[in-house]
Amino acid sequence: MKGFLKFIGVYLLSVICNLASGQVMDRQLANAEKLIKSDGYELTHTIIEGSLDESDDENRFFTLQEGWTYKFVLVCDNDCTDIDLCIHDENENSIGCDEDSSDFALAEVTPKWTGRFHALIEMYDCSVDPCTYKFAIFGKEE
């Protein structure tokens, strides 16, 4: 019975920590959204949530429109201290990156054509694998 109670305690602590991490990311996104919307931008795509182990990366694909400017916001949980973001066009050209050492990333692009683009999300430093992230795209027509 003692082992089971310990398991339940560890499980509940894990759930509470994950909720707290999720709330931190939600707060970070809400703060960014408030600033970006005050500049006339709107959320243009569904917010993407994912998780990566340290040193892993993944691509997230989306369509961007010519004549729009986009701001990208990437935030990660409490266990993450360095996450990077690079936006690429369909020809693999890098058109906007944030590769500094921080637990969030911001990029801005104005595509020259309507097409399929992707974000390369790289988890450089994660103290407890996997680290969770949220990625939002805001846009405004020029």
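For clarity, every value in this text was computed on a predicted model and none was experimentally measured.
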With a 3.5 Å distance limit and no angle check, can you tell me whether [X] reaches the backbone of [Y] through a side-chain donor-acceptor pair?
{"X": "D57", "Y": "E122", "result": "no"}
{"X": "D89", "Y": "N91", "result": "yes"}
{"X": "D98", "Y": "A107", "result": "no"}
{"X": "D53", "Y": "S55", "result": "no"}
{"X": "T69", "Y": "K140", "result": "no"}

Do [X] and [Y] land in one hydrophobic cluster if side-chain heavy atoms of ILVMFWY residues count as linked below 4.5 Å?
{"X": "L74", "Y": "M123", "value": "yes"}
{"X": "I121", "Y": "F72", "value": "yes"}
{"X": "F135", "Y": "L35", "value": "no"}

Are the side chains of [Y] and [X] in contact, using a 4.5 Å heavy-atom criterion?
{"X": "K71", "Y": "E33", "value": "no"}
{"X": "D26", "Y": "K134", "value": "yes"}
{"X": "V24", "Y": "D77", "value": "no"}
{"X": "Y133", "Y": "C80", "value": "no"}
{"X": "I95", "Y": "H88", "value": "no"}

Residues S94 and C97: closest non-hydrogen pair is OG-SG, 3.0 Å
Reported [atom1]-to-[atom2] distance for the pair [X] and [Y], which is rounded to 0.5 angstrom:
{"X": "D125", "Y": "S102", "atom1": "CG", "atom2": "OG", "value": "11.5 Å"}
{"X": "D103", "Y": "C126", "atom1": "CG", "atom2": "SG", "value": "12.0 Å"}
{"X": "L120", "Y": "E58", "atom1": "CG", "atom2": "CD", "value": "9.5 Å"}
{"X": "Q23", "Y": "Q28", "atom1": "CD", "atom2": "CD", "value": "12.5 Å"}

Can you give me every donor-acceptor pair (side chain of residues 41-51, partner residue at least two apart or in another chain, under 3.5 Å) with its distance?
residue, atom, partner, partner atom, Å
T44, OG1, I137, O, 3.3
H45, NE2, T63, O, 2.9

Let me see the working for V109 and F117 under side chain to side chain contact (heavy atoms under 4.5 Å, CB included), right down to the final yes or no. CA-CA 11 Å; V109 302; F117 294 78; over 6 Å; no
_Checking side-chain contact (heavy atoms from CB on, under 4.5 Å) between C131 and each of N78, D82, L52, D79, which is the one that passes?_
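Output: one option passes, namely D79.
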- Message: Are there over 12 heavy-atom neighbours, none belonging to F138, within less than 6.0 Å of that residue's CZ?
- Response: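 It does: F138 CZ has more than 12 such atoms within range.
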So, do F62 and Y70 have ring centers that fall under 6.0 Å from each other? no
Q. Run the side chain to side chain contact (heavy atoms under 4.5 Å, CB included) check on I83 and L85 step by step: do they pass?
A. CA-CA 7 Å; I83 191 166; L85 171 67; over 6 Å; no
Worked verdict on H118 versus E92 for side chain to side chain contact (heavy atoms under 4.5 Å, CB included):
CA-CA 9 Å; H118 71 272; E92 294 301 319; 3.2 Å; yes
